[in-house]
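Below: the structure, in structure tokens.
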Amino acid sequence: MSLNQDLVASLRTQFPALQRTLRGQPVVYFDGPAGTQVPVCVIEEISNYLARHNANHDGQFLTSVESDAMLDEAHRAVSEFLGADDPACVYFGPNMTTLTFALSRSLGRTWSADDEVLVTRLDHDANVTPWVLAARDAGATVRYVEIHHEDCTLDMDDLRSKLSSRTRLVAVGCASNSVGTVNPVREIASLAREVGAVSFLDAVHYAPHAQIDVNSFGCDFLACSAYKFFGPHIGMIWGRRALLEELEPYKVRPAADALPEAWMTGTQNHECIAGVLAAINYLAELGRVTSGDETAGRRAALTHAYTAIGEYETELFDVLLRGLMQIDTITVYGITDPSRMSERLPTVSIRHRSISSQELAQKLGNAGIFVWDGNYYALQLTETLGLEPDGMVRIGLVHYNTVEEVHRLLEVLAAIP
Ligand SMILES: Cc1ncc(COP(=O)(O)O)c(C=O)c1O
């Protein structure tokens with residue numbers, strides 16, 4: 001069974017937030033890129049952890065043993081989710097931004113004044129400023145990869161021209177949280193490797209839409225955040241073992257030196273880690289249902305899930321994009337060519353001819369349609385496009401959205417003069 005409207009209707013019943021109404025109408029969540037809604041199985045696992053297994057790490061008694069077993073299973077689940085082979089190379093922390101700042105401190109102290117780091121004009125600032133500040137502290141130089149303005153894709157010639165034997169880090173997103181562009185991360189990681197640079201991928205926006213595969217991406221680090229893929233507010237990083245062992249984590253003395261604990265500073269948010277495990281299992285179950293492969297192991301089930309999600313989202317996005325292109329008061333940013341949909345995700349940013357982005361988002365919000373406005377922290381991009389301070393309005397689809405919701409949005413947009 002593919003992810004069709006009936007199955008989506010049934011999945012939607014698992015998300016309590018989707019039952020909300022405003023003035024008698026269901027609300028529409030097109031704010032997924034800022035955080036997705038959460039199925040009841042995730043909510044229950046968080047509450048179950050707190051009710052039954054709440055304990056600190058590494059104790060000699062029942063609840064701590066249970067809690068540690070859950071943590072081990074969560075590391076395995078995230079490792080499978082990311083296509084990694086070693087659960088000890090996955091570590092958790094408050095969110096992607098905080099984890100990236102911490103890692104930047106460890107990586108940055110290996111840089112010096114002759115070194116260069118490469119960031120992009122397309123990325124969320126969480127994959128820019130941590131590296132800029134670490135470079136500043138090391139006296140290293142930051143170089144910015146430019147974009148093609150007309151379709152908001154990375155200028156790969158520019159990227160190649162800025163790589164050299166001085167490059168120590170290439171930091172790039174798997175996909176833009178603003179305009180949905182999917183970046184050629186395999187090629188970028190390979191180019192980084194050729195010059196001896198470390199590659200750091202931000203998969204935060206990619207994770208709810210497409211399957212991550214650190215082995216095939218060939219990257220050195222990859223970060224994501226569970227609240228963007230139907231889980232709670234917590235971040236995680238996968239790193240190559242040799243690098244995690246070689247770099248010095250900033251940690252307290254009594255904390256373990258072994259992986260993954262060395263990189264997990266302080267007491268972790270165990271209930272949210274239980275929620276991450278449940279979110280990954282939710283996606284895996286979706287894959288078993290859509291494929292009919294009931295006995296599929298977690299990684300295979302996740303592959304099925306992302307195939308179904310990708311197909312469904314592409315169809316839905318097609319309706320949205322075609323509709324937006326027909327409204328003459330709206331400008332669409334990013335890739336719009338229907339033959340290039342594999343180069344983008346179902347996240348799009350728009351502007352209205354006569355009202356500000358904030359006013360447009362307010363009008364939609366009043367109509368029960370939740371979208372984001374501004375720069376969504378992809379500040380390099382809005383600055384490069386000359387769109388500060390107003391920014392754009394972002395519409396983000398995920399697999400629980402429906403074609404009725406898309407039509408409702410298009411109708412409201414078309415009616416704004
Ligand atoms: C692409 C991207 N990277 C990084 C982040 C930052 O993630 P976090 O909120 O977990 O720090 C976000 C959040 O919006 C994002 O969309």
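We're numbering straight along the sequence, starting at 1. Remember, it's 1-based here, ligands and their atoms both numbered in the order they're listed. Quick note: numbers below take in every heavy atom, side chains included, and nothing from hydrogens, waters or symmetry partners.
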Can you tell me if Thr303 and Gln211 form a side-chain donor-acceptor pair at under 3.5 Å?
yes
Residue part near ligand 1, for Asp202, under 4.0 Å between non-hydrogen atoms
side chain
Closest to atom 14 (O) of ligand 1 (judged by heavy-atom distance), picking from Lys228, Met96, His205
Lys228
Which bit of His124 gets closer than 4.0 Å to ligand 1, counting heavy atoms only: side chain, backbone, both or neither?
side chain
Measure from NZ or CZ of Arg12 to the centre of the six-membered ring of Tyr400, then state whether that distance is under 6.0 Å and the direction lies within 45° of the axis.
no
Side chains of Tyr377 and Thr97: is there a donor and an acceptor less than 3.5 Å apart?
no
When you measure from atom 11 (O) of ligand 1 to every protein heavy atom, which one gives the shortest distance, and what is it?
Thr97 OG1, 2.5 Å
Taking atom SG of Cys219 and atom CZ of Arg240, what is their separation to the nearest 0.5 Å?
7.0 Å
Of all the atoms in ligand 1, which lie at a distance below 4.0 Å from a heavy atom belonging to Ser225?
8 (P), 10 (O)
In plain terms, say whether Arg322 and Asp318 are close enough for a salt bridge, that is, a side-chain N and a carboxylate O under 4.0 Å apart.
yes
With ring centroids as reference points, do His399 and Phe230 lie under 6.0 angstrom apart?
yes
Under 4.0 Å between heavy atoms, the region of Asn95 that gets near ligand 1 turns out to be both
Can you tell me if His233 has a non-hydrogen atom under 4.0 Å from ligand 1?
no
Name the closest protein heavy atom to atom 16 (O) of ligand 1, giving the residue it belongs to and the distance to 0.1 Å.
Asn177 CB, 3.3 Å
With a 4.0 Å heavy-atom cut-off (strictly under), which part of Tyr227 contacts ligand 1: side chain, backbone, both or neither?
side chain
From Glu313 atom CD to Met341 atom CE, the distance as rounded to the nearest 0.5 Å
13.5 Å
